[in-house]
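Notes follow once the structure below has been shown.
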Number of protein chains: 2
Amino acid sequence: MSYAEQYIEKLRKSGLRPTKQRVKICEVLFDAEKTFHFTIKELVKIIENQANIKVSLATVYNTVHAFIKRGYLKEIPLNASQSYYDTNVTHHHHFFDEEDNKLIDIDQDDVDEINIRKKIPGKKIRSVEVIAKIVSDNQSQK
Amino acid sequence: MSYAEQYIEKLRKSGLRPTKQRVKICEVLFDAEKTFHFTIKELVKIIENQANIKVSLATVYNTVHAFIKRGYLKEIPLNASQSYYDTNVTHHHHFFDEEDNKLIDIDQDDVDEINIRKKIPGKKIRSVEVIAKIVSDNQSQK
DNA sequence: AATTATATTAAAATAGTTCTAAACTGTTGA
DNA sequence: TCAACAGTTTAGAACTATTTTAATATAATT
Ligand SMILES: [Mn+2]
Ligand SMILES: [Mn+2]
Ligand SMILES: [Zn+2]
Ligand SMILES: [Zn+2]
């Protein structure tokens, strides 16, 4: 199946018709060799740089939300004032570099299984995510 | 040391003068028998209900931020469009109830030590937090 | 008490996100 | 062929959490 066909399938499964703008968004999101993290602002900038297509903010937000709902993207919980999104939809964890404001993936395999002994009656765990904040390691101990 | 004195000390250590408004904020935050989680909007509502003091949003934000900087409050990373704050400043983890939008503490002791095998050169880990999303456990498997 | 530094406040500004409503596009079937 | 329709894009308005501004008020210092 060609890339273009994959995008169209992803869009269809998300309940969206494959329009020019949406396919362009797919190219940026799903054509990358590696998964990556992005903010909406960054995504718009990439689209503007790569294409002569103009895509409105509303279309970007709508499409991203449709993909999240369908499971093709993940939203990453950060205390920032803006949302971070992730094209890596496997279960994994994150470093958050507080100096660069950048997320770095941690494979599930790189963290021992997390066993939470506390239980909440009537509730079940749907997901467990670790966020490790990192900063520069300045060994200088003046 | 009386409560009032404790508040004044907390304020002074945060670099703030003990004004009527700030002491009131301290009463709400630090007088509770239990620690709790709150949004700014909720905090303002509590103050309005408890006191005949009117406190502006700007003062609430400034004071909360000063306490965070000094370590008397913590900000909790959630993907929501608003920040959650925590009067429990010990190292601990959270359940996030996606139905009630409520945070529930998990003591550090209730989670096995988290060992992250991946290392980032030149960076060190400053904090590790677990967020477990929970939902109702409907056993009904029609 | 006078002086100075800091705080409070209402209101404006900012910024991310969502909504609206009008113009546009592609498809269908008469 | 092309009118009608369903769905899409878009600019801009609206919304909301947070921050900033600048005038007034209060606290600390002398
Ligand atoms: Mn969202
Ligand atoms: Mn903040
Ligand atoms: Zn990731
Ligand atoms: Zn907590």
Side-chain angles (χ1 to χ4, degrees), chain A residues 4 7-8 10-28 37-48 51-70 73-85 101 103, chain B residues 4-5 7-28 37-48 51-70 73-86 101:
Chain A
Y7 302 152
I8 291 171
K10 276 197 160 82
L11 287 166
R12 287 246 146 83
K13 288 199 169 163
S14 305
L16 299 176
R17 288 183 181 173
T19 64
K20 203 167 39 167
Q21 289 84 352
R22 287 169 179 166
V23 170
K24 181 67 214 172
I25 292 170
C26 286
E27 279 174 24
V28 172
H37 307 100
F38 63 94
T39 63
I40 293 291
K41 207 196 246 180
E42 288 165 354
L43 179 55
V44 169
K45 198 183 293 176
I46 296 170
I47 292 171
E48 281 174 357
N52 36 8
I53 289 176
K54 169 89 179 46
V55 183
S56 72
L57 254 190
T59 296
V60 173
Y61 274 107
N62 289 342
T63 307
V64 164
H65 281 144
F67 283 150
I68 288 169
K69 198 167 172 194
R70 187 58 174 77
L73 290 176
K74 279 211 301 188
E75 203 162 358
I76 306 297
L78 280 180
N79 70 351
S81 51
Q82 68 192 329
S83 288
Y84 282 72
Y85 302 93
N101 268 44
L103 282 162
Chain B
E5 284 166 0
Y7 303 151
I8 290 171
E9 185 173 337
K10 277 199 160 81
L11 287 166
R12 287 246 144 82
K13 289 201 168 164
S14 306
L16 300 175
R17 287 180 179 174
T19 64
K20 202 167 40 170
Q21 289 84 352
R22 287 171 179 165
V23 170
K24 181 67 213 171
I25 291 170
C26 285
E27 279 175 24
V28 172
H37 306 101
F38 63 94
T39 63
I40 293 291
K41 208 194 246 179
E42 288 165 355
L43 178 55
V44 168
K45 198 182 294 176
I46 296 170
I47 292 171
E48 281 173 357
N52 37 6
I53 288 177
K54 169 89 180 47
V55 183
S56 71
L57 256 189
T59 296
V60 173
Y61 274 107
N62 290 342
T63 307
V64 165
H65 281 144
F67 283 151
I68 287 170
K69 199 168 171 192
R70 187 58 174 76
L73 290 177
K74 279 212 301 187
E75 201 161 358
I76 305 296
L78 280 180
N79 72 350
S81 51
Q82 71 192 328
S83 287
Y84 282 72
Y85 303 92
D86 198 339
N101 268 43

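Every chain is numbered from 1 and lettered A, B, ... according to where its sequence line falls, protein lines coming before strand lines. Below, all heavy atoms of this structure are taken into account, side chains as well, without hydrogens, waters or symmetry copies.
- OP1 and OP2 of D:dT26 both lie 4.0 Å or more from every side-chain N or O belonging to B:Q21.
- Across all strands, A:T59 comes closer than 4.0 Å to base atoms (heavy-atom distances).
- Between A:L16 atom CG and C:dT25 atom P there is a gap of 19 Å when expressed in whole angstrom units.
- Using a 4.0 Å cut-off, no side-chain N or O of B:R17 falls inside it from OP1 or OP2 of D:dA25.
- Taking all atoms of both residues into account, the shortest heavy-atom contact from A:L11 to A:P18 is CD1-CA, 3.7 Å.
- If you take NZ of B:K20 and C1' of D:dA28, they are 17 Å apart, rounded to a whole angstrom.
- Listed pair A:T19 / D:dT9 meets the phosphate criterion, a side-chain N or O lying under 4.0 Å from OP1 or OP2.
- Here C:dT8 presents its P atom at 11 Å from CD1 of B:I53, a figure rounded to the nearest Å.
- Judged by closest nucleotide on DNA chain D, B:I40 is the one of B:I40 and B:P18 placed further toward the 5' end.
- Taking OH of B:Y7 as the reference point, atom NZ of B:K24 lies at 9.0 Å (rounded to 0.5 Å).
- Electrostatic pairing of B:E42 and B:K45 does not count as a salt bridge here, judged by no charged N lying under 4.0 Å from a carboxylate O.
- For the pair B:Y84/B:N101, a side-chain contact is recorded, criterion being any heavy-atom separation below 4.5 Å from C-beta on.
- A:H65 has a side-chain polar atom (N or O) that falls below the 4.0 Å cut-off from OP1 or OP2 of C:dT18.
- Atoms CD1 and CG, from B:I25 and B:L16 in turn, are 9.5 Å apart once rounded to the nearest 0.5 Å.
- Look at CG on B:L43: it is 14 Å from C1' on D:dT18, rounded to the nearest Å.
- Side-chain atoms of B:Q21 and B:T59 include no donor-acceptor pair closer than 3.5 Å.
- The CG-C1' distance, from A:N62 to D:dT10, rounds to 11 Å in whole Å.
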Nucleotide N/O to protein N/O under 3.5 Å, stretch nucleotides 10-16 of chain C:
residue: C:dG16; atom: OP1; partner: A:K41; partner atom: NZ; Å: 3.4

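- Atom CZ of A:R22 is separated from atom P of C:dT25 by 15 Å (rounded to the nearest Å).
- Inter-residue side-chain proximity for A:L103 and A:I76 is flagged as met; some heavy-atom pair is nearer than 4.5 Å.
- What separates CZ of B:R12 from P of C:dA7 is a distance of 10 Å, to the nearest Å.
- Note: CD1 (B:I47) to P (C:dT9) measures 10 Å, nearest angstrom.
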